[in-house]
Amino acid sequence: MTVAAPQPKVAVIALGGTIAMTRSSLDTGVSPSLTADDLLASVPGLAELDLGIAARTFRTLPGASLGFDDLYELAALIESLAADGVAGVVVTQGTDTLEETAFFLDITVAAEIPVVITGAMRNPTLAGADGPANVLAAIAVAASVAARKLGCVVVMSDEIHAARYVRKVHSTSTAAFATPNAGPIGLVAENRPRLLLRPPARLVLPMASGSSPTVPVVPASLGDDFAVLRPRRDDIDGLVVAAFGVGHVPASAVDLLADYAAGVPVVLATRTGAGVVHRASYGFAGSESDLQDRGLINAGILDAYKARVLLIRLLSIGADRAEIARTFDGLG
Ligand code: ASP
């Protein structure tokens with residue numbers, strides 16, 4: 001007699017977002033209301049995956065209103081589901097903050113099971129709503145043995161993206177998620193995930209709790225000397241500068257940034273959306289080498305928003321400036 005292998009079990013955790021938004025009356029906009037069970041009920045072909053699926057409604061929020069407290073609680077939930085033998089987890093949420101929450105989970109959840117985040121660009125009331133297809137593809141990836149030990153991945157439009165590098169690059173397109181520096185690491189076709197590349201070794205930081213450090217992202221812009229920072233002096237714990245090009249700011253901003261860097265970690269990222277911050281190419285006042293000489297920390301290949309998530313996580317575990325610089329350096 002042969003004994004059937006137990007079905008792998010995938011947990012689907014709903015946080016809200018456009019994927020879960022409906023209209024309460026004809027003259028209002030959509031807002032989050034659907035549960036995880038509602039989302040699953042809308043997915044054609046789910047039964048064909050032959051999986052056990054546990055649905056959990058964790059939050060019913062727009063992506064913009066998620067915070068670090070929500071994410072720590074979510075990370076703990078994922079760890080406990082992994083400890084209970086769940087094969088993989090799908091998180092559904094608003095796409096507005098998805099690139100940041102994905103990276104948070106990537107550097108916070110130590111479990112080796114696939115952690116897959118998805119959402120939708122078109123809400124369920126619209127023609128061509130993309131939520132059901134994204135959920136189906138995300139579940140297929142979460143159940144896949146090949147997706148273990150990858151950290152967190154984002155699955156949108158049948159593409160699999162590494163959390164560390166994925167960006168939301170369009171405000172409305174269903175192809176809004178892209179990895180500008182490398183492209184997707186895989187794709188899903190006929191419910192079968194194909195991993196084409198593997199992201200570099202994971203960084204997983206210890207869990208933390210308590211209030212999150214205050215770390216603004218401030219962009220460089222034409223002729224602006226970062227005056228917005230002057231009154232904030234005492235109420236920030238760190239800063240990310242989204243600089244021009246390979247890491248440049250106006251010369252008039254240098255003293256202020258150097259002053260900040262003497263007190264709190266200041267990370268230098270690029271506002272361009274792709275590429276890296278240079279280390280030693282330019283030598284003018286406000287260049288990347290000038291700013292590093294004055295204590296700013298090079299974000300490497302991390303974009304400003306992911307650099308902020310990493311800086312917040314490092315500050316939350318009490319990392320000092322040297323450890324923060326080393327960690328950014330280690331990610332390239
Ligand atoms: N436009 C967003 C979304 O795609 C709204 C949100 O992030 O909640 O889900």
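First listed ligand is number 1; within each ligand, the first listed atom is number 1. Predicted model, so just to flag it, every value in this text is computed and none were measured.
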*Asks:* Which of the atoms in ligand 1, numbered in the order shown and given with their element, are less than 4.0 Å from a heavy-atom of M21?
*Replies:*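 With M21 as reference, the close atoms of ligand 1 come out as 8 (O).
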
*Asks:* So does P206 get a backbone contact from the side chain of R313, meaning a donor-acceptor N/O pair under 3.5 Å?
*Replies:*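 Here the side-chain-to-backbone pair exists.
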
*Asks:* Would you check whether G63 has a nitrogen or oxygen atom less than 3.5 angstrom from a nitrogen or oxygen atom of ligand 1?
*Replies:*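 Between G63 and ligand 1 (N or O atoms, distance only) the closest approach is under 3.5 Å.
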
*Asks:* One thing to verify: whether K168 and E99 come together as a salt bridge, which I'm taking to mean a side-chain N less than 4.0 angstrom from a carboxylate O.
*Replies:*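 Result for this pair is no, no salt bridge flagged.
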
*Asks:* Which of the atoms in ligand 1, numbered in the order shown and given with their element, are less than 4.0 Å from a heavy-atom of P62?
*Replies:*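 Going through ligand 1 atom by atom, the ones under 4.0 Å from P62 are 8 (O).
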
*Asks:* Under a 4.0 Å heavy-atom limit, does A120 contact ligand 1 with its side chain, its backbone, both, or neither?
*Replies:*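 A120 to ligand 1: backbone contact only, side chain stays beyond 4.0 Å.
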
*Asks:* Quick check: Y260 with F226 (ring centres under 6.0 Å apart)?
*Replies:*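 When the ring centroids of F226 and Y260 are compared, they turn out to be at least 6.0 Å apart.
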
*Asks:* Using a strict cut-off of 4.0 Å, indicate which atoms of ligand 1 neighbour a heavy atom of T18.
*Replies:*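 Selected atoms, number and element: 1 (N), 2 (C), 3 (C), 4 (O), 5 (C), 8 (O), 9 (O).
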
*Asks:* Measure the distance from atom 4 (O) of ligand 1 to every protein heavy atom, then report the residue, atom name and distance (to 0.1 Å) of the closest one.
*Replies:*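 That would be T95 OG1, 2.4 Å.
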
*Asks:* Using distance alone, decide if ligand 1 has a nitrogen or oxygen within less than 3.5 Å of any nitrogen or oxygen in D96.
*Replies:*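 So ligand 1 has an N or O lying under 3.5 Å from an N or O of D96.
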
*Asks:* May I ask you to say whether E73 pairs ionically with R59, meaning some side-chain N is under 4.0 Å from a carboxylate O?
*Replies:*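 The answer is yes: the pair qualifies as a salt bridge.
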
*Asks:* Can you list the ligand 1 atoms lying under 4.0 Å from a non-hydrogen atom of G17?
*Replies:*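 So the atoms of ligand 1 that pass are 8 (O), 9 (O).
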
*Asks:* How about F284 and H248: are their ring centroids closer than 6.0 Å?
*Replies:*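 Close enough - the centres of the two rings lie under 6.0 Å apart.
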
*Asks:* Using 4.0 Å as the upper bound for N to carboxylate O, is an ion pair formed by R294 and D255?
*Replies:*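 Yes, D255 and R294 are salt-bridged.
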
*Asks:* Hey, could you give me the OH/CD1 distance between Y165 and I185, rounded to the nearest 0.5 Å?
*Replies:*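 Rounded to the nearest 0.5 Å, the OH-CD1 separation comes out at 10.5 Å.
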
*Asks:* Looking only at distances, can you tell me whether any N or O atom of K168, backbone or side chain, sits closer than 3.5 Å to an N or O atom of ligand 1?
*Replies:*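 Among all N and O atoms of K168, none is under 3.5 Å from an N or O of ligand 1.
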
